[in-house]
Amino acid sequence: MISVINIKGDKSITHRIIMLSSIISNDIIIKNPSNCIDVLSTIDALNLCGANIIINNNEITNNSKVHKNPNSILDCGNSGTTARLLIGLLFGMGISATIDGDSSLRSRPMDRVLDPLESMNLKYKSLNKKLPVHLYSSKLNPKNTYTLKVASAQVKSSILFASFNNPVKIIDKFGTRDHTERMFKFFKNNKEHRIEYFVPGDISNAAFIICAGIFIKDSNFLIKNVLFNESRNGFINVLKKMNADIFFKNVTEIQNEKVCDILVRYNPNLIPYQVSDNIIVKMIDEIPILAVVYCFVNFKTSLSNLSELRIKESDRISEICSHLNRGNVDIIEKNESLYINPDKKLYNTINITSKDHRIIMACEVFNLIISKKISKKQHSEVDISFPDFYKIISNLVK
Ligand code: S3P
């Protein structure tokens, strides 16, 4: 029997549509938003700047725009997307604010957004171009084009939000996720004042469930309404190339984004496929769970061009290695690359010490595939991106 899994809205798109609802004149009713903590950080920060964003029953509304300097620090918690996009948005609105985050976010580079925005006249103060950053109210000096220097959709989107009223063309040779461009275009071409915006299911969260389904005997389920965007499809495309039993059904387009249902069936007999370096950007958040897939195949694999993973919520290259080693996986890191040789017996013994939500979920799926049991200790950090994670994966082994 096929079971049906519904998944909450994509985190990247939810951040963006909430931010857009705070600066555009339309009334936007956001359906199926992500319910994760990172999104709450975005909502709290915008509300301190005069927005009035309210969450009610799987729906978000906003009846006031960003219009004032906040009188307290904007705490972005663990969320890089909140911090980086907000810096651009507030600059574009001429707002003065101090932006901060937790210890992980404080350690992450902000020069990648501060430098291009400074070239557009942003005035700011910070130590080492990291958080906390104080933005002075500054007047944007618009650019016609900007060529992206790092493979980061957050940087691209920060510039696009800063330039919302003076559109800029961004040249992105990396092919980073393009939700901001798609969303701006959708609103430009839609003349209605009140718009209901449905957020497609989160493909990065679906990736954990898909991996579990491939390797847990008798799995057969349909994940409904998942985002199906070429710039995010690296993981599912690679699995298809490896002959996994996943099928894309009912492909449609809503609000200038593609959506589909993903059918997943148990079939652990995957075949080799070498991932090329230029695909990494299309599955940048899925590398930890792809490493878990590679633990259960019967051939050696490698992944390179992973340098951006060192500066995510944690150093994801070294965190995934040290954790999978605890399950007896032969995985090693070398510079920007990972090498996995799955010929040893694996154990569900990974003791999860990471605080990084995606490392935790990857390790939980690894343990689950081996033991068919959910661990007793649930890690609250998964709520950063996927609060329904434990509920959904426990149904897979019922
Ligand atoms: C995101 C872009 C990616 C991704 C992050 C979300 C976004 O970060 O890793 O989880 O919403 O734009 P980078 O832009 O730093 O690659």
Side-chain angles (χ1 to χ4, degrees), residues 9-20 33-34 36-39 41-42 76-89 101 104-105 107-117 129-131 146 148-162 170 172-184 199-200 202-208 227 229 231-235 257 277-290 305-317 319-320 336 356-362 381-382 384-386:
D10 186 72
K11 176 159 85 76
S12 281
I13 294 185
T14 306
H15 281 297
R16 286 161 171 75
I17 188 69
I18 292 172
M19 290 188 184
L20 186 63
S34 165
C36 72
I37 290 186
D38 273 3
V39 162
S41 297
T42 290
C76 302
N78 193 246
S79 176
T81 308
T82 305
R84 294 191 177 123
L85 271 59
L86 203 59
I87 290 175
L89 182 151
S104 149
L105 193 53
S107 72
R108 298 178 65 189
M110 291 295 146
D111 52 346
R112 47 183 55 206
V113 287
L114 293 171
D115 290 348
L117 296 177
K129 298 193 181 182
K130 291 192 171 164
L131 297 187
Y146 178 82
L148 206 57
K149 305 205 171 42
V150 273
S152 165
Q154 293 176 350
V155 173
K156 179 170 68 174
S157 301
S158 185
I159 298 168
L160 287 169
F161 270 101
I170 303 211
D172 174 5
K173 66 171 194 294
F174 307 100
T176 69
R177 63 190 68 186
D178 59 0
H179 309 307
T180 313
E181 297 94 305
R182 288 178 173 278
M183 195 180 281
F184 285 10
V199 185
D202 193 311
I203 178 67
S204 294
N205 289 347
F208 295 100
L227 177 70
N229 172 314
S231 64
R232 298 282 298 282
N233 279 357
F235 180 76
E257 287 281 5
D277 287 358
N278 61 342
I279 306 295
I280 297 297
V281 70
K282 303 192 186 319
M283 51 176 173
I284 191 71
D285 293 332
E286 284 69 77
I287 301 301
I289 192 65
L290 184 61
N305 190 29
L306 303 180
S307 59
E308 280 290 313
L309 265 81
R310 297 230 183 255
I311 49 171
K312 292 292 175 194
E313 287 83 328
S314 68
D315 175 344
R316 285 188 174 154
I317 302 184
E319 290 263 293
I320 198 68
E336 298 179 4
D356 180 329
H357 52 124
R358 292 207 166 95
I359 299 292
I360 296 171
M361 291 189 281
E381 290 87 353
V382 306
I384 292 285
S385 59
F386 193 7

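Both ligands and their constituent atoms are indexed starting at 1 by order of listing.
Counting only N and O atoms by type, the side chains of Arg16 and Thr180 include a donor and acceptor under 3.5 Å apart.
Aromatic ring pairs are classed by plane angle as parallel below 30°, tilted from 30° to 60° and perpendicular above 60°; the pair Phe161 and Phe184 is perpendicular.
Within 4.0 Å of ligand 1, counting heavy atoms only, the contacting residues are Ser12, Arg16, Thr81, Arg84, Ala151, Ser152, Ala153, Gln154, Arg177, Ile284, Asp285, Lys312, Arg358.
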Q: Check the pair Glu336, Ile280 against side chain to side chain contact (heavy atoms under 4.5 Å, CB included), reporting the backbone distance first and the verdict last.
A: CA-CA 12 Å; Glu336 298 179 4; Ile280 297 297; over 6 Å; no

Q) Run the side chain to side chain contact (heavy atoms under 4.5 Å, CB included) check on Ser204 and Lys11 step by step: do they pass? A) CA-CA 9 Å; Ser204 294; Lys11 176 159 85 76; over 6 Å; no

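Note that the CG atom of Asp172 and the CG atom of Leu148 stand 5.0 Å from one another [nearest 0.5 Å].
Residues passing the salt bridge (charged side-chain N to carboxylate O under 4.0 Å, His left out) test with Glu313 are Arg108, Arg316, sequence neighbours excluded.
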